[in-house]
Amino acid sequence: MSSSPLVVDLETQTPTGKPDFREDIVERVGWLEEGAKTAKWAGCVCPLAGVWYNHKSVLMHNAMYDFGILHRLQRWDLHDMGVHDTLALAYALGEQDLSLKGLGQKYLGVQTVTHSQQEKIGPEQYHAQDLWLTQRLWGKLRGMERGTAYDIDRALIPALIDCSYRGYEIDQERLEQATLAAEATCGRTRKAFERLVGEVSILCSRRKKTTKKQGTEYIETFGPPSINSPIQLQRYFGIDSTSKETLDEIAKGDDDQALAAALIGQWRKSDKLLDTYFYPNRRKEKLTGLFNITPSESGEGGTGTGRLSSERSNMQNLTPALERCLRAPDGYLLMRADYPQLELRCAAELSNDEYLIGAFQEGRDLHEETRAWLGLDSRVKAKNFNFGAGLYGGGADYVSRIVGRPRNQVAELMQKHRQLWTGWWNWTEEHWRRVQRTSYSVAPEPFLHKRYIPLLAGDHTKKAAVNHPVQCMAVYICKEAMVRLFREGWLLVNQVHDAIHCYVPSDDNIDLRKQQFREIMESTAAKYLPRIGAAPVDVKVGRYWSQEEA
DNA sequence: TCGAGCTGCGCG
DNA sequence: AAAGCGCGCAGCTCGA
């Protein structure tokens with residue numbers, strides 16, 4: 001049994017154009033054993049079976065992808081095999097360029113042969129260089145690693161591969177009902193809107209036409225605005241954004257425009273449901289998505305904070321109307337739990353804010369206290385203030401909007417908030433100074449996930465810098481809980497930042513399972529929130545994700 | 001007809 | 001110019 005990992009690299013074909021380990025086709029497999037003088041290659045994954053069991057772990061550059069394929073083709077056990085991944089490691093270290101070639105140049109000074117030059121050295125040599133590069137890079141980057149972020153991420157890789165194959169079962173009958181209802185709303189609101197604006201005429205489109213004789217001219221068409229055209233609606237209302245918020249404001253009036261705005265709001269809601277959530281899932285048995293820990297080698301997708309992202313389908317932005325149609329397969333129940341106020345608790349812990357810590361320890365209502373302290377008229381406004389201005393660094397204009405006060409009263413509100421959350425505000429300034437010195441934001445101990453902060457990017461920079469440690473700490477707590485669940489054999493289905501979903505067999509002892517689920521999540525949080533203590537985690541169970549009526 | 005870029009909106 | 005942070009995706013717009 002070799003202690004150093006078996007390096008593996010797959011050459012694949014992507015039929016859909018976008019890489020997807022659940023479907024892509026393997027063309028060649030390369031591997032490199034410890035002490036071997038040469039890399040080996042094969043046209044299929046079969047020969048690997050005789051090699052891998054001599055190793056405790058495998059090493060790849062982008063193991064989510066390669067290991068995901070090997071699991072599919074060879075049933076490589078997701079639980080037994082340790083995984084190392086130079087992509088995940090580089091990500092946790094805050095690297096900008098996550099490509100193997102870029103990292104090789106930066107850390108090893110290796111100038112790789114480009115794809116167009118591969119004829120010169122032959123395909124075998126060309127592909128072998130990636131194996132050597134990965135192996136050497138791993139040794140180099142491991143030496144730079146300080147915190148636990150990478151170890152949590154690499155343990156999560158098999159769990160997320162598992163998740164990406166599992167998915168929810170779709171109840172087509174419920175989906176059909178929901179579709180019919182949404183179509184009815186769409187038709188009704190569109191017709192009502194058309195009746196309302198039938199007489200109006202605005203500029204509908206202007207397209208440039210370049211002719212040799214007359215140079216550039218514009219062809220314009222006029223008519224009533226279409227409900228689905230933001231630019232036409234802008235002209236109709238005489239505004240420069242037709243976002244939901246703006247339309248809600250207009251809808252408060254009592255003229256034709258107010259009615260039109262209300263209709264657009266209803267139409268958009270149902271149209272969004274149909275186009276994004278209902279139609280794409282018709283006649284599909286399962287809803288599954290790919291989870292990303294890191295951006296791709298080319299920098300697409302993924303997050304900068306350590307959060308996961310999900311695509312094809314995105315499992316992290318499903319809406320309640322679709323959640324009602326999603327369920328566990330026959331013989332299973334869906335168990336789901338989320339961490340209440342996890343980000344706020346992390347903010348309190350990492351900034352050592354005495355007030356916040358005390359409030360959490362005594363279980364007081366933070367937003368209500370903020371409301372009273374600032375003299376606001378609703379708890380919702382206070383909550384928006386705490387998040388928008390407190391956690392995410394919103395400025396005076398933003399605060400002015402959310403609390404509905406003129407700008408000249410805002411500075412006073414901000415000042416008062418600083419007196420309440422003293423520790424937090426001090427921490428943000430201190431952290432911002434650190435980031436300015438180093439150009440990196442580092443998440444708290446023991447995670448130490450790094451995010452590169454380009455200091456010349458404007459005001460957004462400070463907000464992103466301050467937000468990173470909070471969001472990062474919260475999600476690594478959730479990730480570690482997932483890792484523990486996975487290791488103990490739970491069937492993970494989904495993660496939505498601070499929420500985890502699993503399947504359990506219906507004939508298990510459900511109360512016991514709920515208790516175990518809660519214990520794993522609570523003890524993981526308690527480990528990293530020693531001063532605040534375990535947040536109570538409420539575990540919900542049922543056949544469907546959401547049982548609420550439409 | 002294609003796509004890049006934008007707007008709008010779903011989630012935490 | 002103004003912007004609360006973090007995502008992915010669908011449709012629209014408009015030039016090529």
Side-chain angles (χ1 to χ4, degrees), chain A residues 18 203-210 216 218-221 225-234 239-247 264-265 267-280 289-292 295 300-323 338-344 347 383-403 407 414 428 441 451 453 457-472 474-475 478 494-500 545:
Chain A
K18 285 191 169 184
L203 172 65
C204 288
S205 104
R206 172 163 53 203
R207 289 181 71 99
K208 194 158 82 171
K209 177 118 188 173
T210 314
T216 304
Y218 287 91
I219 298 168
E220 298 179 332
T221 57
S226 299
I227 197 166
N228 56 347
S229 164
I231 201 159
Q232 290 174 21
L233 293 177
Q234 280 174 22
I239 52 180
D240 50 25
S241 164
T242 61
S243 65
K244 185 171 177 295
E245 195 195 351
T246 319
L247 291 180
I264 295 163
W267 178 84
R268 279 198 186 153
K269 181 122 181 124
S270 295
D271 186 58
K272 173 81 172 170
L273 287 180
L274 290 170
D275 287 339
T276 304
Y277 296 107
F278 294 167
Y279 291 150
L290 287 178
F291 289 90
N292 303 316
E300 288 147 354
T303 73
T305 57
R307 274 190 173 186
L308 303 179
S309 79
S310 170
E311 58 185 331
R312 288 172 284 160
S313 301
N314 184 346
M315 305 294 272
Q316 299 182 309
N317 73 339
L318 303 175
T319 200
L322 184 64
E323 288 164 3
D338 58 63
Y339 282 116
Q341 296 179 298
L342 185 58
E343 278 194 26
L344 214 41
K383 185 178 170 183
N384 287 340
F385 193 108
N386 281 339
F387 278 94
L391 247 49
Y392 304 146
D397 286 310
Y398 172 73
V399 172
S400 167
R401 217 176 63 235
I402 56 165
V403 300
R407 281 214 37 182
M414 298 285 283
T428 64
S441 170
R451 180 181 188 177
I453 306 284
D459 199 26
H460 174 79
T461 304
K462 182 174 176 182
K463 293 161 188 166
V466 167
N467 183 239
H468 164 252
V470 182
Q471 206 177 86
C472 186
V475 84
C478 194
N494 196 4
Q495 185 252 41
V496 191
H497 310 307
D498 62 5
I500 300 173
W545 180 335

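In the text below, chain A, chain B and the rest are named by the order of the sequence lines, each starting its count at 1.
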So how far is it from A:Ile500 CD1 to A:Tyr339 OH, rounded to the nearest 0.5 Å?
-> 5.5 Å
How would you label the contact of A:Gly302 with the nucleic acid (heavy atoms, under 4.0 Å): base, sugar-phosphate, or nothing?
-> sugar-phosphate
Kindly point out which of B:dG10, C:dC5, B:dG8 is positioned nearest to the side chain of A:Lys269?
-> B:dG10
Kindly say if A:Asn228 contacts the phosphate of C:dC12, meaning a side-chain N or O under 4.0 Å from OP1 or OP2.
-> yes
Ignoring backbone atoms, test whether A:Ser229 places a side-chain nitrogen or oxygen under 4.0 Å from the OP1 or OP2 oxygen of C:dT13.
-> yes
Minimum-distance nucleotide (side-chain atoms of A:Pro320 versus C:dG6, B:dC11, C:dG8) | B:dC11
In whole Å, what separates the P atom of C:dA3 from that of B:dT7?
-> 15 Å
From OG1 (A:Thr242) to CD1 (A:Ile231), nearest 0.5 Å = 10.0 Å
With a 4.0 Å cut-off on heavy atoms, is A:Gln471 in touch with a base, just the backbone sugar-phosphate, or nothing at all?
-> base
Do the side chain of A:Arg307 and the base of B:dG12 come within less than 3.5 angstrom through a donor-acceptor pair of N or O atoms?
-> yes
Base, sugar-phosphate alone, or nothing: which one does A:Gly395 contact when heavy atoms must sit under 4.0 Å apart?
-> nothing
Dot-bracket notation for DNA chain C is requested: 5' to 3', Watson-Crick or G-U wobble pairs only, both distances under 3.5 Å, with ( ), [ ], | and . as defined.
-> ....||||||||||||
Which of C:dC9, C:dT13, C:dC5 is nearest the side chain of A:Asn314? It is C:dC9
What about A:Asn317, does its side chain sit under 3.5 Å from the base of B:dG10 through a donor-acceptor pair?
-> yes
Protein-nucleotide distance (A:Phe291, atom CZ; B:dG12, atom C1'), rounded to Å | 14 Å
Nearest to the side chain of A:Asp275 - C:dC5, C:dA2, C:dA10?
-> C:dA10
Between A:Leu233 and A:Ile264, is any pair of side-chain heavy atoms under 4.5 Å apart?
-> yes
Give a yes/no on whether any side-chain N or O of A:Thr276 is located under 4.0 angstrom from OP1 or OP2 of C:dA10.
-> no
With respect to the side chain of A:Ser243, which nucleotide from C:dC7, B:dC9, B:dC11 is positioned closest?
-> B:dC9
Which one, B:dG10, C:dG6, C:dC5, comes nearest to the side chain of A:Lys244?
-> B:dG10
Ranking B:dT7, C:dC9, C:dC14 by distance to the side chain of A:Ile231, first place goes to C:dC14
Across the strands shown, which category fits A:Leu391 at heavy-atom distances under 4.0 angstrom: base, sugar-phosphate, nothing?
-> nothing
C:dA1 phosphate, OP1 or OP2, under 4.0 Å from A:His460 side-chain N/O | no
Would you say A:Ser205 reaches C:dT13's phosphate, i.e. side-chain N/O to OP1/OP2 under 4.0 Å?
-> no
Give one of base, sugar-phosphate or nothing for A:Gly394, where a contact means two heavy atoms less than 4.0 Å apart.
-> sugar-phosphate
Give, for atom CD of A:Gln234 and atom OG1 of A:Thr246, the distance between the pair rounded to the nearest 0.5 Å.
-> 9.5 Å
Which value, rounded to the nearest 0.5 Å, describes the distance between A:Ser226 atom OG and A:Gln232 atom CD?
-> 4.5 Å
CG on A:Asn467 to OG on A:Ser441, rounded to 0.5 Å = 9.0 Å
Decide yes or no for A:Gln316 and A:Gln495: does some side-chain heavy atom of the first lie under 4.5 Å from some side-chain heavy atom of the second?
-> yes
If only side-chain N and O atoms of A:Arg268 are considered, is one of them under 4.0 Å from the OP1 or OP2 phosphate oxygen of C:dG11?
-> no
Checking B:dC11, B:dC9, C:dG6 against the side chain of A:Arg451 (C-beta onward), the nearest is C:dG6
Pick base, sugar-phosphate or nothing for A:Lys272, based on heavy-atom distances below 4.0 Å to the nucleic acid.
-> base
Mind checking A:Ser241 for me? I need base, sugar-phosphate or nothing, with any heavy atom below 4.0 Å counting as a touch.
-> sugar-phosphate
Of the candidates B:dG8, B:dG10, C:dG8, the side chain of A:Ser309 sits closest to C:dG8
